[in-house]
Amino acid sequence: MRAWAMLVLLAAAPAIRGQELRRGWVTTVQSGLAETYQLALGGVFGQGPSWQNRVETGISNVWKQGDYWYVYGADSNDLRSHQDNWLAGLSYRRPVWARGRQQVVLGGGLQHWKFRSVRDGSNDWLTAESLTYRYSGRVPFTVTSDSYTVVASRFAKGSLVTTQAWLEHRLSKRESPRIVFRHGPAETYSWGFWGTNGNRVWRYQSMLSFAWKTTRIEGGLRKQWGMHRGIPDNTLWQFSVSRVIAR
């Protein structure tokens with residue numbers, strides 16, 4: 001249970017001395033459409049388009065400035081076949097290193113996947129860990145590595161890691177609306193996850209974002225190259241609207 005070990009270590013780490021914490025409740029609601037439903041392993045499911053929703057809520061600044069305990073759920077519903085795929089989870093993340101314009105954030109948690117479109121239906125429990133590096137210089141970029149390990153499943157157990165990078169380019173000097181073009185590569189590698197091994201896909205993602213106050217509208221394209229027979233090469237579109245509610 002690597003995720004729970006990470007949670008214990010992160011929670012046990014002391015807060016900065018003299019730091020006054022102001023805890024807050026943060027909720028993010030997101031809804032949108034995608035061309036179809038696609039997993040990190042590369043498979044495409046459903047006829048599309050897929051109506052996708054996500055809700056995340058939690059408490060910030062629990063033990064350290066910038067940390068976050070949260071629960072979340074995500075759902076994808078194919079509008080033609082009406083097949084539904086959803087996941088839910090509990091997670092914790094916190095900054096562990098910062099220097100100048102650089103920051104490193106660690107996270108860990110537990111997830112439940114209920115994907116009716118995958119094979120004859122998946123019903124899995126997984127641990128999830130994340131490592132994020134952020135640079136906020138002249139050309140900001142973020143590199144994130146997310147790992148998942150199956151701990152209970154009808155399928156073969158194993159692990160996978162998805163690593164992606166995003167470069168950001170401001171298209172407007174105004175803060176409201178804040179217009180940003182983001183793009184970057186992504187890759188998924190598997191160690192026996194559902195019986196798969198090796199490099200699964202390479203992707204290049206692009207996203208145009210309009211944000212004002214607590215609302216964000218995003219849309220973009222994702223190009224995929226399959227690294228194994230049966231994994232499609234494709235280009236999929238996606239669009240979403242999200243809002244952050246903080247107290």
Side-chain angles (χ1 to χ4, degrees), residues 1-16 19 21-30 39-41 53-76 85-99 102-115 118 122-136 141-153 155-166 184 186-194 196-197 200 242 244 246:
M1 301 290 283
R2 296 178 300 171
W4 292 114
M6 181 178 292
L7 285 175
V8 171
L9 290 174
L10 290 174
I16 298 175
Q19 186 181 68
L21 298 178
R22 298 185 62 182
R23 293 180 180 175
W25 193 270
V26 182
T27 299
T28 303
V29 180
Q30 180 178 357
L39 294 179
L41 288 169
N53 302 286
R54 180 182 172 91
V55 176
E56 176 184 297
T57 186
I59 302 174
S60 61
N61 304 329
V62 181
W63 291 298
K64 180 181 179 179
Q65 189 71 29
D67 73 349
Y68 187 39
W69 266 109
Y70 59 103
V71 295
Y72 53 93
D75 174 83
S76 178
N85 303 280
W86 62 265
L87 64 83
L90 166 69
S91 192
Y92 174 72
R93 66 172 181 259
R94 71 181 293 170
V96 295
W97 180 83
R99 179 174 297 176
Q102 304 176 85
Q103 183 186 55
V104 174
V105 179
L106 286 178
L110 182 68
Q111 293 188 1
H112 181 48
W113 292 4
K114 187 79 170 182
F115 299 156
V118 178
S122 70
N123 186 17
D124 299 357
W125 288 92
L126 309 92
T127 61
E129 302 84 33
S130 66
L131 172 65
T132 301
Y133 170 82
R134 297 192 182 101
Y135 173 72
S136 57
F141 67 89
T142 302
V143 180
T144 301
S145 185
D146 296 295
S147 68
Y148 304 92
T149 299
V150 179
V151 295
S153 175
F155 307 141
K157 297 179 182 179
S159 301
L160 69 81
V161 173
T162 295
T163 302
Q164 55 186 334
W166 289 97
E187 185 262 352
T188 297
Y189 194 94
S190 173
W191 291 270
F193 193 101
W194 289 351
T196 63
N197 285 284
R200 302 299 296 168
S242 61
V244 177

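Numbering of residues begins at 1 and proceeds along the displayed sequence.
Using the six-membered ring where Trp is involved, H112 and W125 have ring planes that are parallel, under 30° apart on the 30 and 60° scheme. Taking the six-membered ring for Trp and thresholds of 30 and 60 degrees, F155 and W194 have ring planes more than 60 degrees apart, a perpendicular arrangement. Using the six-membered ring where Trp is involved, Y70 and Y72 have ring planes that are tilted, between 30° and 60° apart.
R23 places a side-chain N or O within 3.5 Å of a backbone atom of V62 that can act as its donor or acceptor partner.
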Exercise. What do the steps show when you test W191 against Y189 for ring pair (Phe, Tyr, Trp, His ring centres under 6.0 Å), and what is the final call?
Worked result: CA-CA 7 Å; W191 291 270; Y189 194 94; 4.8 Å; yes
Exercise. Please walk me through it: do W113 and L126 pass side-chain contact (heavy atoms from CB on, under 4.5 Å)?
Worked result: CA-CA 8 Å; W113 292 4; L126 309 92; 3.5 Å; yes
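Annotation: side chain of L131 is in contact with side chain of V104 (closest heavy-atom distance under 4.5 Å).
Taking all atoms of both residues into account, the shortest heavy-atom contact from S147 to V161 is CB-CG2, 3.7 Å. Of all non-hydrogen atoms in D67 and R94, the two that sit nearest each other are CB-CB, 3.4 Å. The two residues V105 and R134 make their nearest non-hydrogen contact at CG2-NH1, 3.4 Å. Of all heavy-atom pairs between S91 and G108, the closest is OG-O, 3.1 Å. Taking all atoms of both residues into account, the shortest heavy-atom contact from T27 to W25 is OG1-NE1, 3.5 Å. Closest non-hydrogen pair, L41 versus S190, comes out as CD2-CB, 4.2 Å.
Under the 3.5 Å distance criterion, with hydrogens and angles disregarded, a donor-acceptor pair is assigned to the side chains of Y133 and Q102. Side-chain polar atoms of E129 and T127 form a donor-acceptor pair below 3.5 angstrom.
In terms of the salt bridge (Lys or Arg N to Asp or Glu O under 4.0 Å) criterion, E187 has no residue partners (sequence neighbours excluded).
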